Asker: 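Provided herewith is a single structure, encoded as structure tokens, for subsequent inquiry.
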Amino acid sequence: MEKFSAPMALPPPDPQFVLRGTSAAVHTLHFSCGGPEPDIPLLFSGSENGFIHVWNLKTHRVDSALDGHGRKSVYCVETMGGKDRLLSQGRDQRICLWDLAEGRTSVTDSVFTEHVGFCRCSLLKVAQGRWLMAMAARSLEEVQILELPSKTSVCTLKPEVGAKLGMPMCLKLWQLNCGSQPVLLAGYEDGSVVLWNVSMGKVLSKLICHQEPVMSLDFDSEKAKGISGSSEKVLSIWSLNEQQNLQVYKTHELVNAGVSDITIRPDKKILATGGWDHRIRIFGWKKLKPLAVLDYHTATVHCVSFSDHSIPRERLLAAGSKDQRISVWSIYAET
Amino acid sequence: MSVRGTRDFSHSVSPTSGELCGGAASASLPAPSGLPGLAPARPRSRAGTPGTGRACGSRSPVMAVFDTPQAAFGALRPVCVQLTRTQTVENVRQLQAHLAGVSGAALQELQEYVLFPLRFALRVPGPKQERLVQSLVQCISSVLAATCVKKQELLQELFSELCTCLAPSPSSGKAAPLSEELKLAVIQALHTLMHSAYGDVILSLYQPSTLPLLGFAVSLLLTLAEQEKAKQIKISALECLQVLVLQCDCQEHRHLDEDEAQQCGDLFASFLPGISITLSRVIAGDIKQGHKTTVSAIRLFYLIVGLVMADKQLARVPKNKEKLPVEHSRISELMIHRGPDWTKSTAEKLSLLLHKVVESSSVHPHWKVRLELVELVHHLLQNCSQSLVDSFSHLLKALVGLVNDENSEVQSRCNKVLQGIAEQRIVAQNRALADVLSENLHSLATALPRLMNSQDDMGKVSTLSLLLGYLKLLGPKINIVLNSVSHLQRLSKALVQVLELDVTDVKIVEARCSRPPGPLQQGVQKGRHQKKYFRFFMEEKVFQLLQQVCRVLGYYGNLYLLVDHFMGLYNESGLYRKQAAMILNELVTGAAGVGVDFLQERGVPLNVDDLKGSITSILDEYMDQANWYLVTSIDTEEGSPEQSVQHLGHSVRAREASSSVLLLSPEPPVTTRTMNSNIWQICIQLEGVGCFAAVLGKEFRLLLLSALYPVLEKAGDRTLLISETALGTLADICEACGYNSVQCLINENSDYLVNGISLNLRHLAHQPRASQVLDTMLRHSDASLLPLVEDVIQEVLSALDQSYNSQASTFLRVLHSVMTALVQWFGTPSAEEQQRQTDKGQSRARSQGQQEVTMTSQELERFFLDYVSQKQIADGDLPDLEEEEADEVPLAKPEPSSDTEGEAPMPIHAQLARDVMERCIHLLSDGSLRVRLKVLDVLELCVTMLHPHGNHLLPMAHRVWPALVTRLINDDPLAVLRAFKVLCTLGQTCGDFLRQRFSKDVLPKLTSSLLSQAPVSARAGPVYSHTLAFKLQLAVLQGLGSLCERLDMGESDLNKVADACLIYLSAKQPVKLQEAAQSVFLHLMHVDPDSTWLLLSEVCCPEGYEPPHASLRPVKLSGMGRPRNELTDNVLLLLQRLQQQEGTGPGTSTQEASPS
């Protein structure tokens, strides 16, 4: 009997569970599960109808729904410090700061971006209670760096005249270690990835990775390696050498075109991509070995996110899709 | 000087003295007790010799005549002198009579004086008359009863004199055959004497020096107790002995201080062997001796043992024997030193005796004896828990066994004693006792399987109550037992073996769920577990006891340890699985403290998180695929997927080798027995889920995430037992989590369910069950559910697309419930629509009707105009009606859906209906009749649902049509029947669209089949009405009329219909068919009354018609003047109806005409 035969290819894994009820396409996800035991693990989701849903991962139900973007699509949600302070960015051209402590659901502050695109802002904690935030600014090619919570502008990153980069599409603000200079990686409409020195406002390096707009990128500062995806069938992996130059390291061909989101797991072992082909793909980060294709959604996957559970075994991957569902996967065992 | 004033001589009153006293009552009313300065030395309200020494208290009319010693002396002196001179019975009686008149206080003064002649008489050497001795003894006891003995010598002398009375006279050398009366009198006198000793005087009897005397008395009394025949003597002797060892029941004795008690203990230790052996013989003696004797013997036994072996006293015994003064050297030999060695050997001997005592009395028929046994255990446990520790194995066994005594008093006392033991933590603090108990437990557990095999149910009950009792007594100490691997294994093996279910009943497997797919009953009784049948017992009580055993284990035991152990058994072998699950359920229940009878609260309160942890892990195990999805039937419909699930379960889940090996083992042929066993396993697990919910209460809501879906799955199981149990579980969950009804539960957790359904739909093998759950869910929800389930329904559809062949029938069930739900939730507007259409039809009929009545020229004109336009419509030549135009347009187009782009999007439910209908098109020509029938049902619902959305319905109808026609004209009659129903529904909503197709594709076939079948039905007998052909005819006839009306059929078609139906008006046809045919004509009358009239009249015309004007030709109808034939009756009836319809108001006529 075939039961005894050698292990066949594993059947496609199932999501651990699926969250329904956003009643609109899901554009962004963010976990907050790192708290100690009595804290309930949470997942924030931003959806097209302008709501941010706070999912209780114990009951798998919405604890509260935040409405702060005038029913305009929310496409970026981040926590600032704990689960009580939240940052959200929406198509109403606003970035809102929320106070969620003790059951409050109020917007404490907001930034008017005047940016009409859908470039997610990037947040970097530089000191206790102090953050830097990079966001696409009003004029097409500019990126603005603000300090939060004071909202003072640190600098504006303008490409040289005639560079024709197009709009910034995705941003990643990072620093090598605490105290060192913050650096920004930005993917532009023309397919190039640019490394900016934030404090000097200067381009450090520029690399054309794609022929099409860069949809998403993520960077591993330990290995000094990053990955970007566009609407093409290609994932591009690039590295940053000692001289702060970006170099193409490798490219990886996909079956179907279109990558909407890329995330490297915090432990830098694997990465996940969300594709326009409705699939989530898992790769080993080191060699970009394809590990799994997670097939559940019936529409474009807009975002993928890894949880920050303190116990590795409990860590999760969530993906939000245009089909209004959020699938949550437990993939720790498979890596 | 204290005088005992409260007592008098009522007990020894002779008739004469009674009168005397009565007469004297008024003379000396001030009671003697009122004498100043004469307060009683101690309260002696109840004292006295049994039988004779009853005090009458204030009630008694007997009064002392002589209050002062002087007066009394004067009265008593002559009789005393008389008695001293001549010792006769008469003189004694005289003295006794006089005594009655002397007050207690006075007599106390004269005590020795009065006693002297009596004692003197006793001491006179030589043989005496027995009657004399008896009366002397009685008289002494009267005196003693009224007075106190205040001198040690007097006490000792009296004691020995009385004893001597019983002793064999030294001359005869052997036991004197004394009369029973005498023996009794002496015993009573001794008894009285012991009670009349004043203060510390009594203690003078209990000195080493009096040991021989005491021993003498003890042995005398023991001999009497053992050897006498008379119950009274036996009992009196035993009671007297009880007094003698200072353990009298009455409350008025002075309490001995520790040293005194110790001293007495030392003395009595010498008698212990004699007393205990004799008493044990008495206790085990013939039942005929009466229960009172046995009771007294038991009481005496435990009192003396409790005294001599008291832990407190033994602890104070000095290491070495005390040296007595030299003059007592002989006595010193008699004295016993209660050192450790003595204690040990005595305890051993007593253990034997106790065993004997327990054996005989625990089964004694009289309950008082058993009650006394309880007291024995209680007393010894209180006083000798250390010294007699080895005996407690028997004693506790007896005690625990009596918990279930048939007598409620014994039961309650027993429970109280146990409770007391537990409360005082006697076991908890006494390691040795705990060891004894756990040893008992171990040996019982070892024997348990054997006992369960061999004993009858009654025996099992007692064995198990014993087990339960041990556990309860051990209480928190259970963990000592559980921590020992061998104990735990013994116990668990025993439980598992006893709980083996009887799985031979075939009915369990056969009983299928006949419940129509209606809503789950609201009033499902909760917590009502399925009655189980066990291999080794029948009695319900046995099961209850086993339940309690498990619960008590759970209550006191370490839950993690227990759960772990029994989970191990659960996984170890399929043989144990059901029992282990049962035990686990009860353990958890017990751990939560639900339904546990416990004797003492556990020390540490339960930690809810621990409980939840255990429950979660058990649930995980229960609901593991390998344990949850078992083969329970060999249905062709369900069997195969179920089995494939099992395989899938293995391959998917690379679980621990042990569990999968079990399942992977070469698959045994599925026998009824295995299926039965599987059914039970599922039921037990379901019951477990219910238990866990009950235990956790609202906390269980969190677990619903994983637990609800599997339970709901089982609620839809085809096996009756499983689905019933699952329903019970659902009810339990509702109650525990605070939902009002199952509906509420499902509604409020539909997100969890949808999740489960969606994930399970991804696997072919799970699809049937997932769809079942969806089915159940839909039946219990309302429209608010739709947004949540929409994507799941789409998933079902796409799953169906991938497996038309294998899963069609399961999915169709879901589609059916989806559509039923949708129609129910959103279906109302179509009903209004329908109403409007009928109104339209009616108004037309009305206009036609009226025109007949009042015929004016204008109306006549209008009639013709109407007629022309009607005729045009009938011919399909439509006038400028826009909406009908619009209906027609899509027909022309091959791809009608493209047409919808510009419009507002359809609501979700309509979209779903369209999508479902799409699938129906493919399935309409499925090979299986069952599937086709189901499809037709679903199709009908889809049509109803899409009714308000004509633009979408028509193209779909267009596509459905060819397949539907095939069903109508070329299929099994059953399918024809349903297809015809669909057609009627379709006719309601898109009549114009159908008209032509119907008349072209279907009508000819229908009419010809009606025509061809008519002769058959006309000839057929009564059985015919059960045939399919008949049903088909009936359905067609019943539906045809309204269909024609709906479709607004053309004249030629109507004629065809009328022709085909006319023969069914024949009286030879079955009545039902006749009625149905009538209904066709009634409908036709609506559509075209004139032609119908003409047609009918052609057949039969009852009356002639005079032309209104001579210029008109006379009316000639072929029906006129015809002889009566088979059609006549029905035709006449119809004509009459037609007349009514035309004559009366249209409202009523339409009502009548509408087919029932």
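Hydrogens, waters and symmetry mates play no part in the numbers below; they use all other heavy atoms, side chains included. All values reported here derive from a predicted model rather than from experimental measurement. Naming: A, B, ... by sequence-line order, numbering from 1 per chain.
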Asker: So does A:K289 have more than 12 non-hydrogen atoms from other groups sitting under 6.0 Å from NZ?
Answerer: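 No.
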Asker: If you count heavy-atom pairs within less than 4.5 Å of chain A, which of B:L702, B:L759, B:L704 leads?
Answerer: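 Ranked by heavy-atom pairs under 4.5 Å with chain A, first place is B:L759.
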Asker: More than 12 heavy atoms of other residues, nucleotides or ligands under 6.0 Å from NZ of A:K322: is that the case?
Answerer: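 Counting other residues, nucleotides and ligands, NZ of A:K322 stays at 12 neighbours or fewer.
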Asker: Going by ring-ring contact (aromatic ring centres under 6.0 Å, His included), name the pairs with one or both residues in residues 13-39 of chain A, residues two or more places apart or in two chains.
Answerer: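 Matches after skipping sequence neighbours: A:F17-A:H60, A:H27-A:H302.
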Asker: Enter the distance from B:E790:CD to A:Q324:CD here, rounded to the nearest 0.5 Å.
Answerer: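 One gets 7.5 Å once the value is rounded to the nearest 0.5 Å.
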Asker: Tell me if a side-chain donor or acceptor on B:Y752 pairs with a main-chain N or O of A:T59 at a distance below 3.5 Å.
Answerer: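 Yes: the side chain of B:Y752 pairs with the backbone of A:T59.
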Asker: Is B:N760 in contact with chain A via its backbone, its side chain, both, or neither, using a 4.5 Å heavy-atom distance?
Answerer: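 Contact with chain A is absent: no heavy atom of B:N760 under 4.5 Å.
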Asker: Under a 4.5 Å heavy-atom cut-off, does chain A meet the side chain of B:Q794, its backbone, both or neither?
Answerer: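 For B:Q794, there is no contact with chain A at all, as no heavy atom is under 4.5 Å.
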Asker: How far apart are the closest heavy atoms of B:R762 and A:P13, and which atoms are they?
Answerer: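 Minimum heavy-atom contact is NH2-O, 2.9 Å.
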Asker: Which pair of non-hydrogen atoms, one from A:K58 and one from B:L705, has the smallest distance, and what is that distance?
Answerer: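 So the two residues come closest at O-CD2, 3.7 Å.
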Asker: Side-chain donor-acceptor pairs under 3.5 Å in residues 605-612 of chain B, sequence neighbours left out?
Answerer:
unit_1: B:N607; atom_1: OD1; unit_2: B:D609; atom_2: N; d: 2.8
unit_1: B:D610; atom_1: OD1; unit_2: B:Y560; atom_2: OH; d: 3.4
unit_1: B:K612; atom_1: NZ; unit_2: B:E699; atom_2: OE1; d: 2.6

Asker: With no hydrogens and no angle check, do the side chains of A:R325 and B:N755 hold a donor and an acceptor under 3.5 Å apart?
Answerer: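 Judged by distance alone, the side chains do not pair up.
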Asker: Compare every heavy atom of A:R20 with every heavy atom of B:V792, then report the nearest pair and how far apart it is.
Answerer: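 Smallest interatomic distance, heavy atoms only, reads CG2-NH2, 4.0 Å.
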